[in-house]
2 protein chains.
Amino acid sequence: MVSIKAVADRAGVSIASVSRVINGTVARKETELRVRTAIKELGYQPNSAARALKIRQSEQICLSFDDLANPAYVAMTRGVGQALAETKYRLILASAFSSVEEIVKHLETMGRGFADGLIISPIYADKRIAKLISHLQIPVVLVGTMPVGLNVDNVYVDSAIGIGLGVDHLKATNRKRIGLVNGPIDTNPGRRRRLAFESAMKEMGLKYSEESVIQADAFSISGGYEAVSKFRNLDKFDGLICGNDQIAAGVLKYCYENGIAIPGDLALIGIDNIDLASILHPTLTSIDLHSEKRGEIAAQLMLERLADPARPIQKINVKPTLVIRESTAA
Amino acid sequence: MVSIKAVADRAGVSIASVSRVINGTVARKETELRVRTAIKELGYQPNSAARALKIRQSEQICLSFDDLANPAYVAMTRGVGQALAETKYRLILASAFSSVEEIVKHLETMGRGFADGLIISPIYADKRIAKLISHLQIPVVLVGTMPVGLNVDNVYVDSAIGIGLGVDHLKATNRKRIGLVNGPIDTNPGRRRRLAFESAMKEMGLKYSEESVIQADAFSISGGYEAVSKFRNLDKFDGLICGNDQIAAGVLKYCYENGIAIPGDLALIGIDNIDLASILHPTLTSIDLHSEKRGEIAAQLMLERLADPARPIQKINVKPTLVIRESTAA
DNA sequence: TCTCAAACTGTAATCGTTTACAGTGACGTC
DNA sequence: GACGTCACTGTAAACGATTACAGTTTGAGA
């Protein structure tokens with residue numbers, strides 16, 4: 001392993017000078033040249049562990065979420081990655097397919113200093129998570145619903161508004177018997193979307209009851225498919241909002257197999273507006289929650305926080321938008 | 001920051017004893033108890049930079065590929081993550097949406113010791129990449145086609161066999177005018193799949209020419225859609241193999257919009273067998289390249305290599321399989 | 001030529017661990 | 001009671017960088 005000492009010897013200077021050249025502080029032209037030549041000749045690269053130990057920074061930022069199989073999180077990752085690309089920070093991905101237990105385990109190891117900051121988008125509504133986050137020594141940016149009692153930088157999208165847009169659109173296209181195919185209720189999005197749906201329905205004077213909600217046990221294609229398979233009597237509804245686009249895809253598949261015409265018999269709306277939405281038959285109307293943009297903003301907040309630890313806490317609100325496609329045609 | 005010194009003071013022992021307790025070597029019962037209590041009381045976590053510096057290991061493994069938007073790579077990431085979950089290694093994701101330039105940049109910084117091993121699945125066929133990899137000081141496992149001149153642990157799937165399965169199946173279901181909608185030709189999969197297609201066609205005595213190949217400029221839905229939109233006269237073919245499932249989805253969309261019946265007028269086969277394949281209408285026959293399994297094997301190879309740096313180089317071959325669905329019904 | 005400030009450079013301490021080695025004490029044996 | 005062994009513990013030296021601080025060189029001005 002070629003260390004800073006080897007470079008110093010080769011260039012005939014002290015290690016301090018080498019370090020100074022690397023970090024771009026004072027150095028005579030000739031010294032700099034000799035050091036740079038030595039570095040090139042030896043193929044030297046500074047050891048990041050030693051550097052991290054000394055400067056007390058790892059120059060790594062950790063991104064943590066629970067479902068990489070969900071394209072919305074992939075998009076978020078892309079956003080974070082882009083914002084970090086031109087900085088000194090590397091992106092670490094942690095616990096991308098995890099259960100609550102795994103997240104807790106991961107959070108517990110975050111104190112080891114291998115990351116300078118944590119961007120987290122927890123879907124599970126578990127109390128331990130909020131507690132662990134609040135005890136972290138490094139800056140945290142939370143994407144999504146802020147748990148009670150926690151106060152960190154935050155970027156969120158008001159799903160109530162999003163669901164409102166959806167219900168509104170269905171009502172405007174003359175649907176009256178509207179239901180929700182919700183994702184798991186022990187998750188933040190699941191809980192929030194259900195509440196938002198209820199209040200949107202009541203607000204618009206539409207009939208709402210417990211039976212308006214079909215419960216899927218995962219935010220996935222098969223989750224959606226199986227939920228409506230079990231439920232069966234979809235003719236109760238003439239419009240459905242789904243927990244996300246994948247659930248909607250599952251519902252769509254079921255409808256196709258069972259002769260339910262979309263949008264003829266039933267209008268369908270998804271959430272997230274992933275690529276899938278535009279290639280389904282019919283193409284899927286979707287509430288876009290702008291995941292990539294939220295990732296980008298989260299990374300931006302993190303960079304600003306790292307640059308100025310004392311700045312006031314920021315909460316950024318991203319507006320959902322409705323993308324209308326064939327699945328809700330009148 | 002609470003360090004090992006603080007723990008030692010609290011427990012009334014030396015830092016060496018604390019370290020020994022943590023790393024599970026000799027210690028008297030009472031000493032161990034006092035140390036563990038002190039650790040708990042102070043909430044101590046060992047600093048990973050200091051540890052990495054001393055033991056010359058970062059306990060991080062880097063996974064590098066170029067297109068996280070492709071679910072096949074997400075599956076691979078899941079495989080790697082699972083295999084690493086119960087080990088001491090953390091998974092870092094690098095350059096997940098990258099150009100050749102970015103990969104080169106990343107590879108150049110791999111010498112800094114922030115990862116103990118690199119699992120890489122490069123799609124671009126660029127000579128610099130092979131060269132940089134061969135100069136790396138850490139173990140590398142390559143997933144995919146091995147560039148010439150490189151010799152590292154490798155897990156690959158013989159796409160020739162996969163394409164062969166596809167062509168075979170199309171021939172068996174009475175298709176004669178078979179084409180390929182290929183991905184970009186400057187990528188490894190693109191190049192390999194084209195060659196494999198050509199030889200499979202010739203071997204089976206089917207007509208092949210330059211015009212049998214439609215070139216898409218990305219392994220994506222829009223890549224497939226635009227390629228066939230530009231090409232137009234799809235009636236030349238009665239069977240198409242697509243560079244991956246997303247390209248196939250794009251082709252399918254075009255066919256739907258232009259009244260080409262699948263599988264009536266045209267049979268369609270994708271590659272990768274991602275979730276999407278089973279929810280398209282019609283469902284898509286696909287050549288499964290077992291990405292998740294390859295990721296798992298790659299991680300396994302890496303762990304074995306790290307445990308025994310001297311062991312002979314392994315090359316593991318994963319067999320592709322054909323999943324037949326509606327899009328190729330006779 | 002001499003002086004002094006400015007510009008640069010080197011020495012050495014430090015970051016938080018791990019670990020070789022030496023030291024301590026308990027205990028069984030003669 | 002002396003001694004050897006064994007089990008454990010502490011001291012101190014690394015690992016490879018950064019950075020005060022002190023020391024040295026340089027060059028301008030007198």
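In this text, all values refer to a predicted model and were calculated from it rather than measured experimentally. The analysis underlying the following values was restricted to heavy atoms, covering all of them including side chains, and did not include hydrogens, waters or symmetry mates. Each chain gets a letter, A, B and so on, in the order its sequence line appears, and its residues count up from 1.
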Does R311(B) form a salt bridge (charged side-chain N to carboxylate O under 4.0 Å, His left out) with E304(B)? I'd like the steps, not just the answer.
CA-CA 8 Å; R311(B) 81 201 272 269; E304(B) 290 169 17; 2.5 Å; yes
Could you please spell out the steps behind the side chain to side chain donor-acceptor pair (under 3.5 Å) verdict for R51(B) and S48(B)?
CA-CA 5 Å; R51(B) 175 154 221 275; S48(B) 52; over 6 Å; no
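Side-chain contact between V100(A) and R128(A): present, with at least one pair of heavy atoms (C-beta onward) separated by less than 4.5 Å. Residues E32(B) and R28(B) form no side-chain contact, since every pair of their non-hydrogen atoms from C-beta on lies 4.5 Å or further apart.
For R34(A) and dC8(C), the CZ to P distance is 15 Å, given to the nearest whole Å. The nearest whole Å value for the distance from the CG atom in D9(A) to the C1' atom in dG10(C) is 13 Å. We find that CD of Q57(B) is positioned 14 Å from C1' of dT17(C), with the value rounded to whole Å.
Distance CD1/I61(A) to OG1/T87(A): 6.0 Å, rounded to 0.5 Å. Expressed to the nearest 0.5 Å, how far CD1 of I123(B) lies from CZ of F65(B) amounts to 11.0 Å. Taken to the nearest 0.5 Å, the NZ atom of K315(B) stands 11.5 Å off from the CG atom of N317(B).
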Could you go through nucleotides 25-28 of chain D and list every protein N or O atom that sits under 3.5 Å from one of its N or O atoms, giving the distance for each pair?
none

Would you tabulate the pairs of protein nitrogen or oxygen atoms and nucleotide nitrogen or oxygen atoms of nucleotides 17-21 of chain D closer than 3.5 angstrom?
{"from": "dA17(D)", "atom 1": "OP1", "to": "Y44(A)", "atom 2": "OH", "distance (Å)": "2.8"}
{"from": "dA17(D)", "atom 1": "OP1", "to": "N47(A)", "atom 2": "N", "distance (Å)": "2.7"}
{"from": "dA17(D)", "atom 1": "OP2", "to": "I4(A)", "atom 2": "N", "distance (Å)": "2.2"}
{"from": "dA17(D)", "atom 1": "O5'", "to": "Y44(A)", "atom 2": "OH", "distance (Å)": "3.4"}
{"from": "dT18(D)", "atom 1": "OP1", "to": "N23(A)", "atom 2": "ND2", "distance (Å)": "3.1"}
{"from": "dT18(D)", "atom 1": "OP1", "to": "R51(A)", "atom 2": "NE", "distance (Å)": "2.9"}
{"from": "dT18(D)", "atom 1": "OP2", "to": "S19(A)", "atom 2": "OG", "distance (Å)": "2.5"}
{"from": "dT18(D)", "atom 1": "OP2", "to": "N23(A)", "atom 2": "ND2", "distance (Å)": "3.3"}

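The nearest heavy atom of DNA chain D to G12(B) and to L53(B) marks one nucleotide each, and the one closer to the 5' end goes with G12(B). Judged by closest nucleotide on DNA chain D, K29(B) is the one of R56(B) and K29(B) placed further toward the 5' end.
The pair R34(B)-E30(B) counts as a salt bridge, with a side-chain nitrogen and a carboxylate oxygen less than 4.0 angstrom apart.
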